[in-house]
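Structure record follows, encoded as structure tokens.
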Amino acid sequence: MEPLTGPLEDPFNPPPRYLLESDSEDEIGGGEYGNIRPTLKSVQSGKPHTVVSTHTPSCPTSCLIVGVGSAGAQLFGSVTGNESSDSPITADIDIDGFTVGSWRSLNGIAIVSVPGALPNTTLNALSKWIMNSFKPVKLSVVDLYPTPSYIVPAATYSEHRRSHLVHPIRFLRTTPSGPNDLEVPTAVEPFAPPNLLSTQTLAASLLCVAQQYQLKPSSPLQSSTVLLLLPYPHIPHPPPRTLVVSKAILEPFNWPEDTLSTVHKSLGLEAFGISLEASASMANQGKPTKPAKRSLDDSMYI
């Protein structure tokens, strides 16, 4: 006979949950005695985000480079060339009235910089705006990857990396489409499994949107999209929940000039007559319009 079931009690109607003492999973529902389920707060998407620019870019763009975070900001400030006559030196990009980045035109190509982290709800809208506004024939993205969490296979580590402090530039690529694809130098290694690219970044969103555009027959995108990932020695902070920072580099970091030279060569900027200047200090690039208040939930994560 089961516990708490007497000879005169109905075995098919067990006693209420509060009469039992247990540490089982019945406390959160789904068990024999539990009908209590935790209340989940649904995230309301609200109205669609509005992305605008202070200047309408000319399209289609022969080559578009999107720099994300501190890696993209340093690349954005270290290249030089002839500014196009039909575009200003820089133009801001706004989302719902908040300036989140800028873009410039150099020797016929466009370079976009989004230095700060963005809420997850804005990534898809910004990615589609970039693709629809510039209509690139070639697209490259520059971002970072945290080296403390990157897993290197034992064979690769012993063969190529003698020190755990040395990490190369890595890359990801969408589906190859033909001879127009960008050739990556041998010094740049693949972003290999079991590592995963965080989906909470603009770079990941751009790869997904670019892959969709690449499969369209009428799309001007004629080559695969390449994502260059610069080594970053820290774990990035989680993205904010709301748009509270304007053109702010949340995690500034200076990469050496040889790393930037490899990126410059990987992007094929020399073919467009774009040279690399001395890397500027990241301390004065991008400042918040007002201090961002972080809640306890934003700073605590596993």
Side-chain angles (χ1 to χ4, degrees), residues 43 45-46 48-53 65-77 90 92-103 111-131 140-150 170 172 191 195-210 225 227-255 263 280-302:
V43 179
S45 58
H49 296 281
T50 303
V51 184
V52 296
S53 176
I65 300 174
V66 181
V68 182
S70 54
Q74 187 171 1
L75 177 66
F76 186 81
T90 57
D92 292 335
I93 300 176
D94 299 343
I95 299 181
D96 298 339
F98 289 87
T99 303
V100 298
S102 57
W103 68 274
I111 304 178
V112 178
S113 175
V114 183
L118 299 177
N120 298 334
T121 56
T122 63
L123 300 179
N124 187 54
L126 180 57
S127 300
K128 290 184 176 180
W129 180 87
I130 291 175
M131 298 300 298
S140 302
V141 187
V142 180
D143 200 356
L144 54 83
Y145 73 96
T147 56
S149 60
Y150 189 85
R170 302 186 182 273
L172 282 175
F191 189 83
N195 300 278
L196 298 175
L197 184 66
S198 174
T199 58
Q200 300 180 351
T201 61
L202 178 61
S205 179
L206 273 172
L207 284 185
C208 295
V209 175
T225 301
L227 169 62
L228 298 179
L229 299 170
L230 276 63
Y232 183 67
H234 307 289
I235 301 296
H237 290 81
R241 296 183 177 181
T242 58
L243 288 168
V244 294
V245 178
S246 172
K247 297 179 64 175
I249 303 173
L250 299 182
E251 299 169 12
F253 184 79
N254 280 328
W255 280 270
V263 174
S281 175
M282 302 291 294
N284 298 324
Q285 296 186 17
K287 296 182 179 180
T289 55
K290 55 183 178 179
K293 297 181 180 179
R294 298 187 55 145
S295 61
L296 182 61
D297 295 337
D298 291 336
S299 59
M300 299 294 291
Y301 63 95
I302 298 178

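The structure displayed is predicted, hence computed values, not measured ones.
- For the pair S102/F76, a side-chain contact is recorded, criterion being any heavy-atom separation below 4.5 Å from C-beta on.
- Contact detail for T199 and A204: the closest heavy-atom pair is CA-CB, 4.1 Å.
- When every heavy atom of F191 is checked against every heavy atom of L229, the shortest pair comes out as CD1-CD1, 3.5 Å.
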side-chain contact (heavy atoms from CB on, under 4.5 Å) assessment of L75 paired with L230: CA-CA 11 Å; L75 177 66; L230 276 63; over 6 Å; no
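- The side-chain hydrogen bond (donor to acceptor under 3.5 Å, both in side chains) check on T201 picks up nothing, with sequence neighbours excluded.
- With sequence neighbours excluded, no residue forms a side-chain hydrogen bond (donor to acceptor under 3.5 Å, both in side chains) with S140.
- S113 and A73 get closest at one heavy-atom pair: OG-CA, 3.8 Å.
- Qualifying side-chain hydrogen bond (donor to acceptor under 3.5 Å, both in side chains) partners for D96, counting only residues two or more places apart in sequence or in other chains: H49.
- Within the 3.5 Å criterion, the main-chain N or O of P239 finds no donor-acceptor partner in the side chain of Q200.
- Atoms CZ and OG1, from F98 and T242 in turn, are 7.5 Å apart once rounded to the nearest 0.5 Å.
- Annotation: side-chain contact (heavy atoms from CB on, under 4.5 Å) contacts of P233 (sequence neighbours excluded): T147, F253.
- The minimum heavy-atom distance linking S127 with L206 is given by the pair OG-N, 3.6 Å.
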message: With side-chain contact (heavy atoms from CB on, under 4.5 Å) as the criterion, how do L197 and L227 come out once you've worked through the C-alpha distance, each side chain's angles and the decisive distance to 0.1 Å?
response: CA-CA 11 Å; L197 184 66; L227 169 62; 3.7 Å; yes
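- Residues satisfying the side-chain contact (heavy atoms from CB on, under 4.5 Å) test with S53, not counting sequence neighbours, are A91, W103, W129.
- Across V68 and D143, no two heavy atoms sit closer than the pair O-OD1, 3.5 Å.
- The side-chain hydrogen bond (donor to acceptor under 3.5 Å, both in side chains) search around N124 returns none, not counting sequence neighbours.
- Between T99 and D94, the side chains place a donor N or O and an acceptor N or O closer than 3.5 Å (distance only, hydrogens not considered).
- Closest approach of S149 and N195 over heavy atoms only: O-OD1, 3.9 Å.
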